[in-house]
Amino acid sequence: MKVLLVNGSPRKNGCTNTALEEVAEALKNNGIETEIFWIGNKAIQGCIACYKCRTTDKGCIFNDDVTMFMEKAKQADGFVFGSPVYYAGPNGSLCAFMDRLFFAYGAMVLKGKVAAAVSSARRAGTTATLDRLNKYFLINQMLIPSSNYWNAVHGSTPEDVKQDLEGLQTMRILGNNMAAMLGAKISLPPTEKKIYTNFARK
């Protein structure tokens, strides 16, 4: 079993990474292999709605970290996406990353796997960030583990986060619950073909 943890912060070793490391440690203590994938601090191309990923077998037309991550994702059983809070929402670079990842590869690679989101903030906006990130999982029939509180840590620096004992406990419990869910090997039943409804009527 392997879980990929995605650090969506431009700071490789910042607060978001501190939270992800706590989740990873709990997963490793349960025998789960982990890897933290940093999306970096360079611009990430957003989805341009060209639909090439749907009309060819080549996936996304942009060959960058999203396509590189997709290759890793094929071998993973679970995912944790972490984001700092920007104006009460997720980091824009992470959203661009996830828009393309889920649109191009969601049904092929991610559907039915276990996924969770974590957020990091100095003060507020963590739950709005989690709500946004969880929507990627919900529309893709992914299985979402819970913890004993919202999956968030607080602090302006990694040292601050390490003093957020409740937040760190939330991360550990999330990791333990994710490991239990992975160990149960839950799988989706057969589903109906997707029905698309356009609410515009002539």
At their closest point, which heavy atom of Tyr86 faces which heavy atom of Gly92, and how far apart are they? CD2-N, 4.5 Å
Would you say Val3 and Val23 make side-chain contact, with heavy atoms under 4.5 Å? no
Verify the ring-centre separation between Tyr136 and Phe103: is it less than 6.0 angstrom? no
What heavy-atom pair brings Asp65 and Ile39 nearest, and what distance separates the two atoms? OD2-O, 3.7 Å
Under a single-linkage definition using a 4.5 Å side-chain heavy-atom cutoff for Ile, Leu, Val, Met, Phe, Trp and Tyr, are Met181 and Val80 assigned to the same hydrophobic cluster? yes
Smallest separation among heavy atoms of Gly175 and Ala26, with atom names: CA-CB, 4.0 Å
Just verifying a value: how many Å separate Glu159 CD and Thr18 OG1, rounded to the nearest 0.5 Å? 7.5 Å
State whether the number of non-hydrogen atoms from other residues, nucleotides or ligands found under 6.0 Å of Trp150 atom CH2 is greater than 12. no
Minimal heavy-atom distance between Pro84 and Thr16, with the atoms involved, is N-OG1, 3.3 Å
Does Leu4 belong to the same Ile/Leu/Val/Met/Phe/Trp/Tyr cluster as Leu27, with side-chain heavy atoms less than 4.5 Å apart forming each link? no
Can you tell me if Asn140 uses its side chain to pair, donor with acceptor, with the backbone of Gly106 under 3.5 Å? yes
Using side-chain heavy atoms (C-beta onward) and a distance below 4.5 Å, is Glu71 in contact with Tyr105? no
State yes or no: do Val6 and Met171 share one hydrophobic cluster built from I, L, V, M, F, W and Y residues joined by side-chain heavy-atom distances below 4.5 Å, directly or via other members? no
Would a hydrophobic clustering, with Ile, Leu, Val, Met, Phe, Trp and Tyr connected at side-chain separations under 4.5 Å, put Leu188 with Leu138? no
Minimal non-hydrogen separation, Asn134 against Ala117, with atom names: OD1-CB, 4.0 Å
Donor-acceptor pair, Asp164 side chain versus Val153 backbone, under 3.5 Å? no
Under the 3.5 angstrom rule, does the side chain of Thr67 hit a backbone N or O of Asp64 as a donor-acceptor pair? yes
With rounding to the nearest 0.5 angstrom, report the CD1 to NZ distance, Ile44 to Lys42. 11.5 Å
So, applying side chain to side chain contact (heavy atoms under 4.5 Å, CB included) with Cys60, which one of Lys52, Gln45, Met70, Arg100 is it? Arg100
Classify the ring geometry of Phe102 against Phe81: parallel below 30°, tilted from 30° to 60°, perpendicular beyond 60°. tilted
Within-4.5 Å side-chain heavy-atom neighbours: Pro10 and Asn91: yes
Is any side-chain heavy atom of Glu35 less than 4.5 Å from a side-chain heavy atom of Lys2? yes
Using the rule that Ile, Leu, Val, Met, Phe, Trp and Tyr join whenever any side-chain heavy atoms are under 4.5 Å apart, tell me whether Val161 and Leu130 fall into a single cluster. no
Here the pair of heavy atoms bringing Thr129 nearest to Gly89 is OG1-C, 3.2 Å
To the nearest 0.5 Å, how far apart are NZ in Lys72 and NZ in Lys74? 13.0 Å
